[in-house]
Protein chains: 2
Amino acid sequence: MSATIKDVASAAGVSFKTVSRVFNGEANVREATREKVEAAARELNFTLNTAARNLRRRGSNLIALIISNPSRSYIDNIQIGAMDWCSRNGFHLVVEDILARPESFEDLIKSGEMAGVILIPPMSDDPDILSALTSHHIPFVRIAPETDNDIAPSVRIDDRAAAREMTQKLIALGHRRIGLITGPNNFGVSRNRRAGYSIALQGAGLEYDAELVREGAFSYATGQSCTAQLLDLAHPPTAIFASNDDMAAGAIAESYKRGIAVPHKLTIVGYDDVAVASVISPPLTTVRQPLKDMAARAAELLLERIRDRDSAPKHDVLPHSLILRASHGPRT
Amino acid sequence: MSATIKDVASAAGVSFKTVSRVFNGEANVREATREKVEAAARELNFTLNTAARNLRRRGSNLIALIISNPSRSYIDNIQIGAMDWCSRNGFHLVVEDILARPESFEDLIKSGEMAGVILIPPMSDDPDILSALTSHHIPFVRIAPETDNDIAPSVRIDDRAAAREMTQKLIALGHRRIGLITGPNNFGVSRNRRAGYSIALQGAGLEYDAELVREGAFSYATGQSCTAQLLDLAHPPTAIFASNDDMAAGAIAESYKRGIAVPHKLTIVGYDDVAVASVISPPLTTVRQPLKDMAARAAELLLERIRDRDSAPKHDVLPHSLILRASHGPRT
DNA sequence: ATTATTTATGACAGCGCTGTCACGAATTTG
DNA sequence: CAAATTCGTGACAGCGCTGTCATAAATAAT
């Protein structure tokens, strides 16, 4: 059906090995020969057969992004960054939801079909997943793991510092009772962000009040419900720090429902700086993490590992920043 | 490194062909033999090598979803539906952004790496893409094409009827000047939805006023700007029908900015029923299309085409419905 | 001009699997 | 009970490519 390397070879009057050389950019092909081969290939509309190449090379041009994360907007950004990198580097991105059907993930890694795997929270910290990947010798990279280690490279922002800075900002605004809506506890980032929050409180001589800390699930709905709980407190907070923007959006909605104006009566800030942050009203003050860049960088580090499996894993920390929009204000 | 069919064969004391039989569920393998093979395979942690199988079979277990669509929430739903179907059917989903780097898409289809391709708007109606796919003999399926044809199966809702019904609903509420914010004109769905809008107006004896129809880009920002234009009109509409929910959200934001209460002073309705619709305030009255089901069904029809390339393409029309939330009201 | 070195090309094996064919063993039939 | 049929298994080729090695041609060194 489709032309093979041998068809091109005989059309160009060279051996099929020479055609292989041309298509792999190998050295030592005379310019005239190269052109002959390229012309013949164009003529026959030839492309290398990936299955054959993968079989022979024991390689692959596929990178898997494993998801399960409840926050679609987070995934969207990561996926866009990864897809973009892949298309620039001769790879394609396979997206696999590990919650939907774990067996499918098993197959994926056992079959050796993937050149490498990108993990996002909470998979970045899931021991079963990490050991499955390790035992099958699949190169992988972790985005935002709780802590670095020697088994795989990672890309992150300094969540602890970012959460500390945002909390300090709220304290500087005069807030003394600051609610924290965390992500689920199996997310390393949740723990790191809570740690940053604690450190800031401690630095300001404020007491950590467990009542003010609620565990959400990174969803709009849990942002609402946690906010409801916080506002129902005998001494409700004057500021709420949600660990992602979806939950912050839910928090704002809950406040409005109760007739509590944001930011005049209540300050609400988020985390991530995804699309929703600039679109809701009021626009959200939030921690920006460069998710697309993080994903692209992760893919880059993954490729280094694929190329040289014994290289020491690199750990990149990308810069975060506080985006001060309109959902924060001084304590009133 | 990883065990092969031959390793399993010698461990089980059978020929490697028998191992192949077992792993392909072929008939005529004695139960005892099957068990021996399965035990040996488990022992060696064996899985079939996909590259070798694909080479030999001239097949693939990969389905590509081609995106470019500006509306992430639309894509999210389609992608989830497709991913889910894939994981249940032994396939994996490759997501490729055709805008980011068209060459990457070219490679993808030329290399024969994909068993099939799923197209969403506006690619479903893009003649270059359709002919590229056809000429490379890649099976594909179109989601929401403008019209059906014989070259590929398709899945859609009846956009024309849905838009007509929603417009009729607005007319029944007493609205006489109804703004329409369409999607870009290269989207077949945009044309179909506008047609439905026209038909409803005509059916009610209302005139089609080009001034009331604005072309957006399915984004929040264009929802805002088109709404601004409509509200600046000498005779502004009392209802606005946005062709997706993101634009409807933008429309609501623009109204609030101008102090126009929704739905008391202005009715705004959307299309798609994606996550944002139930989360904004007021919750959006919208047309629901079952995007996840559409994607799963598309994958299903695609598989039929992969299995039998000469079968007549099927065209499925899935049911839509009007979701009446709180962003509509009678003309005041 | 002769030898040493580099450069360009080809021959060939084989990656791990599936499809075809052949053949002996088990089962059915007359 | 012999002949016809079905079942279970193995031998083998080859999918399209890349890696290794050998060899011829071109170039540099003496």
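Proteins get letters first, then strands, A, B, ... in listed order; numbering begins at 1 in each.
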Please set out all donor-acceptor pairs under 3.5 angstrom arising from side-chain atoms of residues 90-102 of chain A, sequence neighbours excluded.
residue: H92(A); atom: ND1; partner: E96(B); partner atom: OE1; Å: 2.8
residue: E96(A); atom: OE1; partner: H92(B); partner atom: ND1; Å: 2.8
residue: E96(A); atom: OE2; partner: S104(A); partner atom: OG; Å: 2.5
residue: D97(A); atom: OD1; partner: L99(A); partner atom: N; Å: 2.8
residue: D97(A); atom: OD1; partner: A100(A); partner atom: N; Å: 3.3
residue: R101(A); atom: NH1; partner: S87(B); partner atom: O; Å: 2.7

What pair of heavy atoms forms the shortest contact from [X] to [Y], and how long is it?
| X | Y | value |
| --- | --- | --- |
| R309(A) | H137(A) | NH1-O, 2.8 Å |
| E146(B) | D125(B) | N-OD1, 2.8 Å |
| I157(B) | P319(B) | CG2-O, 4.4 Å |
| V141(A) | L302(A) | CG1-CB, 3.9 Å |
| I78(B) | I143(B) | CD1-CD1, 4.0 Å |

For the pair made of [atom1] in [X] and [atom2] in [N], what is the distance, rounded to whole Å?
| X | N | atom1 | atom2 | result |
| --- | --- | --- | --- | --- |
| E113(B) | dC15(D) | CD | P | 20 Å |
| R53(A) | dG16(C) | CZ | P | 18 Å |
| R30(A) | dT7(C) | CZ | P | 13 Å |
| K36(A) | dA8(C) | NZ | P | 14 Å |
| N49(B) | dC17(D) | CG | P | 17 Å |
| E31(A) | dT7(C) | CD | C1' | 15 Å |
| L55(A) | dA13(C) | CG | P | 17 Å |
| E35(B) | dT9(D) | CD | C1' | 17 Å |

Matching residue for V14(A) among V22(A), V8(A), V19(A) - test: side-chain contact (heavy atoms from CB on, under 4.5 Å):
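Going through the options one by one, the only one that passes is V19(A).
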Should we count NZ of K17(B) as having more than 12 external heavy atoms under 6.0 Å?
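Yes, enclosed.
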In plain terms, say whether D293(A) and R297(A) are close enough for a salt bridge, that is, a side-chain N and a carboxylate O under 4.0 Å apart.
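Here D293(A) does not pair with R297(A) in a salt bridge, since their nearest N and O are not under 4.0 Å apart.
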Which nucleotide sits closest to the side chain of V14(B): dG10(D), dC17(D), dA11(C)?
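Output: dG10(D).
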Quick one: which of dC17(C), dT18(D), dT9(C) gets closest to the side chain of V29(A)?
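Closest nucleotide to the V29(A) side chain: dT9(C).
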[N], OP1 or OP2 - any side-chain N/O from [X] closer than 4.0 Å?
| X | N | result |
| --- | --- | --- |
| T18(A) | dG10(C) | yes |
| T4(B) | dC15(C) | no |
| N24(A) | dT18(D) | yes |
| R58(A) | dC15(C) | no |

Which is true for F23(A) with a 4.0 Å heavy-atom rule: it touches a base, it touches only sugar-phosphate, or it touches nothing?
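No contact.
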At what angle, to 10 degrees, do the two end axes of the helix from dA1(C)-dT30(D) to dG30(C)-dC1(D) meet, given five pairs define each axis?
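Nearest ten degrees gives 30° for this helix.
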Tell me every residue that passes side-chain contact (heavy atoms from CB on, under 4.5 Å) with P122(A), counting only those two or more places apart in sequence or in another chain.
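Listed in chain order: S68(A), N186(A), F187(A).
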Tabulate below the donor-acceptor pairs under 3.5 Å that side-chain atoms of residues 28-49 of chain B make, not counting sequence neighbours, or state none.
residue: N45(B); atom: OD1; partner: K110(A); partner atom: NZ; Å: 3.4
residue: N49(B); atom: OD1; partner: A51(B); partner atom: N; Å: 2.8
residue: N49(B); atom: OD1; partner: A52(B); partner atom: N; Å: 2.9

What distance separates D316(B) CG from R156(B) CZ, expressed to the nearest 0.5 Å?
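CZ of R156(B) is found 10.5 Å from CG of D316(B).
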Which parts of nucleotides 19-24 of chain C does protein reach within less than 4.0 Å, heavy atoms only, written one letter per nucleotide 5' to 3' as B for base, S for sugar-phosphate only and - for none?
B-----
Nucleotide N/O of nucleotides 5-7 of chain D paired with protein N/O under 3.5 Å:
none

